[in-house]
Structures are given as C-alpha cells and as structure tokens.
Visitor: 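Before we start, here is the structure in question, set down as structure tokens.
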Amino acid sequence: MSAPPAPVLPTQDATSSAAAVDLAQRAMTAFARPTVDPDTWLTELSPLLSPTARSAFVGTDPDEVPAHAVTGPGRAEDSPSAFLAYVVVPTDVGDYRLLLSRESGDAGWLVETITAPDGVR
C-alpha cells in the first residue's frame, strides 16, 4: 500500500487574501438579507459555511439579522496562520468580522464565524 499524498500547505499571499475577501463578501451578502425566507436564506448561505457554522445558523430567522446590506469592499486583517483568515466587511450597521478557515492549500475558504459590530445584536 502506498501512503496518501501529503496535503498541500496553504500560503499567506495576495491571491489567498483576495480569495478570502471574496468569500467573506459573498457570505455577508447572503447573510444580510432580512426579507428572504429562512429556508432559502440557509440554503444559499450554507455552501459558504463550515459544517460547524452551518449547524450554528440552523433555525436563524433572517429578519433578526441586524445588517441589511453590504456597503463596501471587505478587507483582510492579519492572521496568525495560513489556515485562517480574518476579514472585515462593512454593512449598513457597521463592520462585521468574519473568521474563515481552510483545510489545506488547495481547499477553498469557508466561514467559521460571523461577528456583528460592537453594540449590535
């Protein structure tokens, strides 16, 4: 038997950062839609989420999400690991902070958490 191939290690570079920002913006755009019915909201948001995040959002009523629109481009913040990315996305209620993760260098980013601005619930 041969050993499985070694995973491709991720890098922290401009291409990786741009992919993280793109995914975070798409996730916030899907997240900040209060007029969408809950099933459609979760179905369209789910592919952008990690399994843990997907489970956390089951049962969420989109009408209770404070943000209603993304208002500008996201920006990447420094990250301690090439497996993680922090992206800030501006919305009509302030800047949301998203934590993204990936399993390897050839895996896509997925959202782990979506954190509302301070003072917003």
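Both backbone and side-chain heavy atoms feed into the values below; hydrogens, waters and symmetry mates do not. All residue numbers refer to positions in the sequence shown, counting from 1.
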Visitor: Under the 4.5 Å side-chain heavy-atom rule for ILVMFWY, direct or indirect, which residues accompany V111?
Guide: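 Via sub-4.5 Å side-chain contacts, V111 links to V21, L23, M28, F31, V36, W41, L42, L45, L48, L49, F57, V58, V65, V70, V87, V89, V93, Y96, L98, L100, W109, I114, V120.
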Visitor: Whether the T11 and D13 side chains hold a donor-acceptor pair (N or O, under 3.5 Å, no angle test) is what I'd like checked.
Guide: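 Side-chain D/A pair, T11 to D13: present.
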Visitor: Between the main-chain N or O of F83 and the side-chain N or O of S81, is there a donor-acceptor pair closer than 3.5 Å?
Guide: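 At least one qualifying donor-acceptor pair exists.
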Visitor: Identify the two heavy atoms, one from P117 and one from G94, that lie closest to each other, and give their separation to 0.1 Å.
Guide: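 In terms of heavy atoms, the two residues are closest at CG-C, 3.5 Å.
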Visitor: Search all heavy atoms of A85 against all heavy atoms of S79 and return the closest pair with its distance.
Guide: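 Scanning both residues completely, I find the closest heavy atoms to be N-OG, 4.1 Å.
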Visitor: My understanding is that a hydrophobic cluster links ILVMFWY residues whose side chain heavy atoms are under 4.5 Å apart, including indirect links. Using that, what else belongs to the cluster containing L99?
Guide: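 Answer for L99: L84, Y86.
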Visitor: Could you tell me which non-hydrogen atom of A53 sits nearest to which non-hydrogen atom of E112, and how far apart they are?
Guide: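 Heavy atoms of A53 and E112 come nearest at CB-O, 3.4 Å.
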Visitor: Just wondering, do P73 and Q25 contact through their side chains at under 4.5 Å, heavy atoms?
Guide: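 Yes, close enough: below the 4.5 Å cut-off.
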Visitor: Under the rule for side-chain hydrogen bond (donor to acceptor under 3.5 Å, both in side chains), what residues qualify as partners of T35, not counting sequence neighbours?
Guide: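 Not a single residue meets the side-chain hydrogen bond (donor to acceptor under 3.5 Å, both in side chains) criterion with T35.
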Visitor: Might you point out which heavy atoms bring A69 and A32 nearest each other, and give the distance in Å?
Guide: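 For A69 versus A32, the nearest heavy atoms are N-CB, 3.9 Å.
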Visitor: I need the minimum non-hydrogen distance between P34 and A67, along with the two atoms involved.
Guide: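 That closest heavy-atom pairing would be CD-O, 4.2 Å.
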Visitor: A quick test of your reading: do over 12 heavy atoms of other residues, nucleotides or ligands sit less than 6.0 Å from CG of D106?
Guide: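 Result for CG/D106: enclosed.
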Visitor: For residues P62 and P38, determine if any side-chain heavy atom of one lies less than 4.5 Å from a side-chain heavy atom of the other.
Guide: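 Result yes, sub-4.5 Å side-chain heavy-atom pair found.
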Visitor: Can you run down the salt bridge (Lys or Arg N to Asp or Glu O under 4.0 Å) pairs that involve residues 80-104, sequence neighbours left out, and say none if there aren't any?
Guide: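 Counting only pairs at least two positions apart or across chains, the salt bridge (Lys or Arg N to Asp or Glu O under 4.0 Å) contacts touching residues 80-104 are R75-D95, E77-R97.
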Visitor: I'd like to check the salt bridge (charged side-chain N to carboxylate O under 4.0 Å, His left out) partners of E44; sequence neighbours left out, ordered by chain and number.
Guide: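 By the salt bridge (charged side-chain N to carboxylate O under 4.0 Å, His left out) rule, E44 matches R33.
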Visitor: When clusters are formed from ILVMFWY side-chain contacts under 4.5 Å, directly or step by step, what else is grouped with V8?
Guide: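 Reading the cluster by chain and number, V8 sits alone, since nothing else belongs.
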